[in-house]
2 protein chains.
Amino acid sequence: MESQDIRKAGLKVTLPRLKVLEILEASEYRHMSAEEVYKELLVRNEDVGLATVYRVLTQFEQAQLVSRHHFEEGHSVFELNQGDHHDHIVCVDCGRVEEFFDETIEQRQDDIAHGLGFKVSSHSLYLYGSCTKENCEYREK
Amino acid sequence: MESQDIRKAGLKVTLPRLKVLEILEASEYRHMSAEEVYKELLVRNEDVGLATVYRVLTQFEQAQLVSRHHFEEGHSVFELNQGDHHDHIVCVDCGRVEEFFDETIEQRQDDIAHGLGFKVSSHSLYLYGSCTKENCEYREK
DNA sequence: GTATATGCAAAACTTTTGCATCCTT
DNA sequence: AAGGATGCAAAAGTTTTGCATATAC
């Protein structure tokens, strides 16, 4: 299924790479740190080292299979790309991450960058706040 | 001058704190990592440890004297607060940082967050691209 | 068979912390 | 004088790298 994507990126289709993709796909939160991916591999009894997780995630990022985000937490979190660009809102209490896309914001960003003489290559917009969901509580790492 | 602000924050007015403020004020780039602040202290022959730089910057952040940003680089960068909120556009080639504020974007952000049931506490918007300035070149750390 | 990928351990980098000493108030 | 602040060194957390072995093609 996704092994085509790995091959297209010029990478060999290996077990660690398949497993990492699988875990990102199955993730309830859709946004995982390298450590979280590694822990999930341990739970599944897969023999993959943390260094490999970092290498694979970095390669996937370069191949644009995943996106790397820098939320306020201080470490990178990764998300499987599904073709669509979107921005993020992160609950500071429970860690929940929701996505959104707003054409108006996108448009304004381009106009502003252009006005300042920049050629934009990427951008990141993160909103932080409290989601008001019933099951909101601090999420264990 | 600024020593009032330090006192108001409930902190003693010490040489390290004054020096850090001074350096942030004088910074050409206005956005410095802890390491860059520390190196500037060394240049100026001030006897301040790196651990103190981190402690002071964190305290200043809590006192809202400075803002901490997480650009793509991976480490924190700090900026002196001057009262106004603004967003950032970072040149991926030379590291130049420019600031902007857009009421439309701010408004859309609030509306979106509200629509998703979030109470927003903060946000960060970073645009990345190439500034097209003549003196644009990779900036040494 | 060959080149690439992996696991492990060690290293690099950023940030925090413990503790004895020093400085501000 | 007393409590907070600092420097240094050590530790903690995240990410990268070297190298011998294993795996995909």
Side-chain angles (χ1 to χ4, degrees), chain A residues 2-23 31-42 44-63 65-78 140-141, chain B residues 2-23 31-42 44-63 65-78 140-141:
Chain A
E2 303 271 13
S3 63
Q4 310 306 328
D5 298 318
I6 296 178
R7 215 181 309 270
K8 257 186 278 175
L11 301 169
K12 289 183 178 174
V13 179
T14 63
L15 224 41
R17 287 177 181 145
L18 286 171
K19 290 300 170 191
V20 169
L21 268 194
E22 206 174 300
I23 285 170
H31 300 79
M32 303 179 78
S33 67
E35 190 73 34
E36 286 172 330
V37 171
Y38 176 64
K39 283 197 181 135
E40 180 59 26
L41 284 163
L42 289 184
R44 297 184 181 200
N45 258 304
E46 302 290 346
D47 187 17
V48 177
L50 179 57
T52 298
V53 173
Y54 274 104
R55 276 186 288 233
V56 166
L57 287 172
T58 301
Q59 291 158 341
F60 283 179
E61 184 195 9
Q62 283 158 359
L65 291 179
V66 310
S67 298
R68 181 194 297 254
H69 300 291
H70 299 95
F71 296 152
E72 282 179 342
E73 300 149 323
H75 55 240
S76 299
V77 304
F78 300 86
E140 281 49 52
K141 291 282 163 52
Chain B
E2 303 272 14
S3 62
Q4 309 307 327
D5 298 318
I6 296 178
R7 214 182 308 270
K8 257 187 279 176
L11 301 169
K12 289 183 178 173
V13 179
T14 64
L15 225 41
R17 287 180 180 143
L18 286 171
K19 291 298 170 192
V20 169
L21 270 194
E22 205 173 299
I23 285 170
H31 300 78
M32 302 179 78
S33 67
E35 190 72 34
E36 287 173 326
V37 171
Y38 176 63
K39 284 197 182 134
E40 180 61 25
L41 284 163
L42 289 184
R44 297 183 181 200
N45 258 305
E46 301 291 347
D47 187 17
V48 178
L50 180 56
T52 298
V53 172
Y54 274 103
R55 275 186 290 233
V56 166
L57 287 171
T58 300
Q59 291 159 340
F60 282 0
E61 184 195 9
Q62 283 158 359
L65 291 179
V66 309
S67 297
R68 181 194 299 254
H69 300 291
H70 298 95
F71 295 154
E72 281 178 343
E73 300 149 324
H75 55 240
S76 300
V77 304
F78 300 86
E140 280 52 50
K141 293 285 164 50

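A, B, ... follow the sequence lines: proteins, then strands. Residue 1 opens every chain. Both backbone and side-chain heavy atoms feed into the values below; hydrogens, waters and symmetry mates do not.
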Query raised in the report: Hey, which of these two, B:G74 or A:L11, hits DNA chain C nearer its 5' end, going by closest nucleotide?
Result: A:L11
Report summary line: Ranking C:dA3, D:dA5, C:dT16 by distance to the side chain of B:Y54, first place goes to C:dT16
Query raised in the report: Nearest to the side chain of B:H75, which nucleotide is it out of D:dG4, C:dT14, D:dG7?
Result: C:dT14
Query raised in the report: Under 4.5 Å between any side-chain heavy atoms of B:T58 and B:R68, yes or no?
Result: yes
Query raised in the report: Please give, in whole Å, the distance from D:dG7 C1' to B:L41 CG?
Result: 13 Å
**Report entry** Given C:dA5, C:dT14, D:dG7, the nucleotide with the shortest approach to the side chain of A:T14
**Finding:** C:dA5
Please tabulate, one pair per line, each protein N/O and nucleotide N/O from nucleotides 8-11 of chain D that are separated by under 3.5 Å, including the distance.
none

Requested in this report: Kindly indicate whether the side chain of B:H69, heavy atoms from C-beta on, has any atom under 4.5 Å from the side chain of B:H31.
Outcome: yes
Query - Test log, rule side chain to side chain contact (heavy atoms under 4.5 Å, CB included), inputs B:S67 and B:E61 - result: CA-CA 6 Å; B:S67 297; B:E61 184 195 9; over 6 Å; no
Report task. Would you kindly give the CD-to-P distance between A:E46 and C:dT6, to the nearest whole Å? Result -> 13 Å
Report summary line: Walking DNA chain C from its 5' end, the first of B:T58 and B:L15 to be reached, judged by nearest nucleotide, is B:T58
Query raised in the report: Does the side chain of A:K19 come within less than 4.5 Å of A:V37's, by heavy atoms?
Result: no
Requested in this report: Give the rounded distance in Å between these two atoms: NZ of B:K19 and P of C:dT24.
Outcome: 13 Å
Query raised in the report: Reckon B:S33 touches a base, only the sugar-phosphate, or nothing at all at heavy-atom distances under 4.0 Å?
Result: nothing
Query - Heavy-atom closest contact (A:Y38 atom, A:V48 atom, distance) - result: CE1-O, 3.2 Å
**Report entry** Spacing of A:K39 atom NZ relative to D:dG13 atom P, expressed in whole Å
**Finding:** 10 Å
Query raised in the report: At under 4.0 Å, does any side-chain N or O of B:R17 touch on OP1 or OP2 of C:dT24?
Result: no
Query - Rounded interatomic separation in angstrom, taking CD1 from B:I6 and P from C:dC23 - result: 17 Å
Query raised in the report: Between B:S3 and B:R17, do the side chains contain an N or O donor and an N or O acceptor separated by less than 3.5 Å?
Result: no
Query raised in the report: Counting any heavy atom closer than 4.0 Å, what does B:R7 reach on the DNA or RNA strands: base, sugar-phosphate only, or nothing?
Result: sugar-phosphate
Report task. Starting at atom NZ of B:K12, determine the distance to atom C1' of C:dC22, rounded to an integer number of angstrom. Result -> 11 Å
Query raised in the report: Is any side-chain heavy atom of B:H70 less than 4.5 Å from a side-chain heavy atom of B:S76?
Result: yes
Query - Between D:dA12 (C1') and A:E35 (CD): distance, integer Å - result: 13 Å
Query - Separation of atom CG in B:L50 from atom C1' in D:dA5, rounded to whole Å - result: 16 Å
